[in-house]
Visitor: 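Questions regarding the structure given below will be posed in turn.
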Amino acid sequence: MSTMTTDATQEKRLATPVETLTDEELAVLGQAAGVVVTPYLTDLDEALRDQAQATALRGLLARGIVSPPEDGSPERAAGRMHAEPAEEGRGEVGLMVRQDVLSLLTLRQAAPSVVAVARTGAFAQDFWYAHVVDEYVLLEEVSTDGLHRFALGHTADLPALVAGAALHPAATDGAGEPTTLTATDPATVVDVPPELTERLGATYLRCDVVVVRRGPQAEGAGPGPLTGVFSGPSGTWTLTAEPGSGRVQAGPATTSDVRRRLAALAASATTGTSAAAAYEKGDR
């Protein structure tokens with residue numbers, strides 16, 4: 001599914017691809033971006049967004065993902081755009097959403113927690129999300145051109161899926177001395193020292209991983225700690241940042257420990273516990 005240097009084979013084995021949609025198609029279907037990025041639509045001028053969404057509606061109609069409004073006028077619907085799925089698959093403007101896509105959108109909206117991974121390689125960047133709903137997990141991979149590739153898996157496989165998404169498949173154990181990075185402004189993102197990226201070379205994969213909670217369980221919780229993973233054939237390092245602290249703890253790590261940390265993040269998304277508690281408890 002990905003152009004990044006991740007364990008795509010693992011994901012293909014544990015999850016089934018179901019659909020690919022664009023930023024603007026999701027907007028037409030009434031899907032607010034929420035925690036998921038919309039790279040293409042965000043960069044469009046306001047004047048061009050309606051035109052892009054009108055084109056997206058025509059594409060959805062042509063692919064059979066939605067059916068025309070009851071009055072038989074796609075042009076009329078294009079002027080109003082948003083077709084938020086409602087009861088029995090009907091949208092606000094009378095569009096009928098195909099059942100498999102409606103189920104996908106329902107899972108996406110209903111997920112109380114999302115594991116979000118921002119991935120950066122030497123020559124590419126993308127974003128990976130795992131929307132957790134009971135025993136199912138909806139995977140969403142977003143490329144910088146605004147393509148959202150969806151796949152369906154089981155929550156029991158989430159630790160392996162997160163590790164496959166965030167850890168370089170050829171990663172080796174890290175070496176060196178731990179360090180603390182500090183920003184003058186706590187709201188500022190701390191830049192990673194150039195020495196680290198130089199040490200890992202051009203083959204490293206950087207991933208920033210966070211668990212986002214939505215709905216009642218998110219009230220007063222705030223964002224969780226951000227876990228960064230730099231991994232590749234030349235070694236593996238982890239970075240941990242508490243929101244608003246302005247400090248990042250960075251240090252070398254073994255790949256087995258990184259897998260345990262990622263498994264703890266996955267466990268926190270499925271149980272509601274903190275990642276630290278899941279790690280100490282050994283939920284992996």
Visitor: Is there a side-chain contact (heavy atoms from CB on, under 4.5 Å) between Thr22 and Tyr40 once you walk through the steps?
Guide: CA-CA 9 Å; Thr22 65; Tyr40 175 76; over 6 Å; no
Visitor: Quick one: list whatever passes side-chain contact (heavy atoms from CB on, under 4.5 Å) with Thr254, sequence neighbours left out.
Guide: Asp173, Ser256, Asp257
Visitor: Using side-chain heavy atoms (C-beta onward) and a distance below 4.5 Å, is Leu21 in contact with Arg63?
Guide: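 The answer is yes, as the side chains (C-beta and beyond) meet within the 4.5 Å cut-off.
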Visitor: Excluding sequence neighbours, so at least two apart, what forms side-chain contact (heavy atoms from CB on, under 4.5 Å) with Ala166?
Guide: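 With neighbours one apart ignored, the set is Val117, Cys207, Val209, Leu262.
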Visitor: Can you name the side-chain contact (heavy atoms from CB on, under 4.5 Å) partners of Phe127, sequence neighbours left out?
Guide: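 So Phe127 forms a side-chain contact (heavy atoms from CB on, under 4.5 Å) with Val37, Ala118, Gln125, Tyr129, Val142.
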Visitor: Please determine if Glu140 and Arg149 form a salt bridge, counting it only when a charged side-chain N lies under 4.0 Å from a carboxylate O.
Guide: no
Visitor: Given 3.5 Å as the limit, does a donor-acceptor pair link the side chain of Thr42 with the main chain of Pro39, or not?
Guide: no
Visitor: Treating Arg199 as the side-chain partner and Ala175 as the backbone partner, does any N or O pair qualify as donor plus acceptor under 3.5 Å?
Guide: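 The answer is yes, because a donor-acceptor pair under 3.5 Å joins these two groups.
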Visitor: Inspect the contact between Arg58 and Glu25 and indicate whether a charged nitrogen and a carboxylate oxygen are less than 4.0 angstrom apart.
Guide: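 Result for this pair is no, no salt bridge flagged.
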Visitor: Do the non-hydrogen side-chain atoms of Leu26 and Leu41 ever get within less than 4.5 Å of each other?
Guide: no
Visitor: Are Thr20 and His148 close enough that some pair of their side-chain heavy atoms sits under 4.5 Å apart?
Guide: no
Visitor: May I ask you to check whether Tyr204 and His168 place their ring centers less than 6.0 Å from one another?
Guide: no
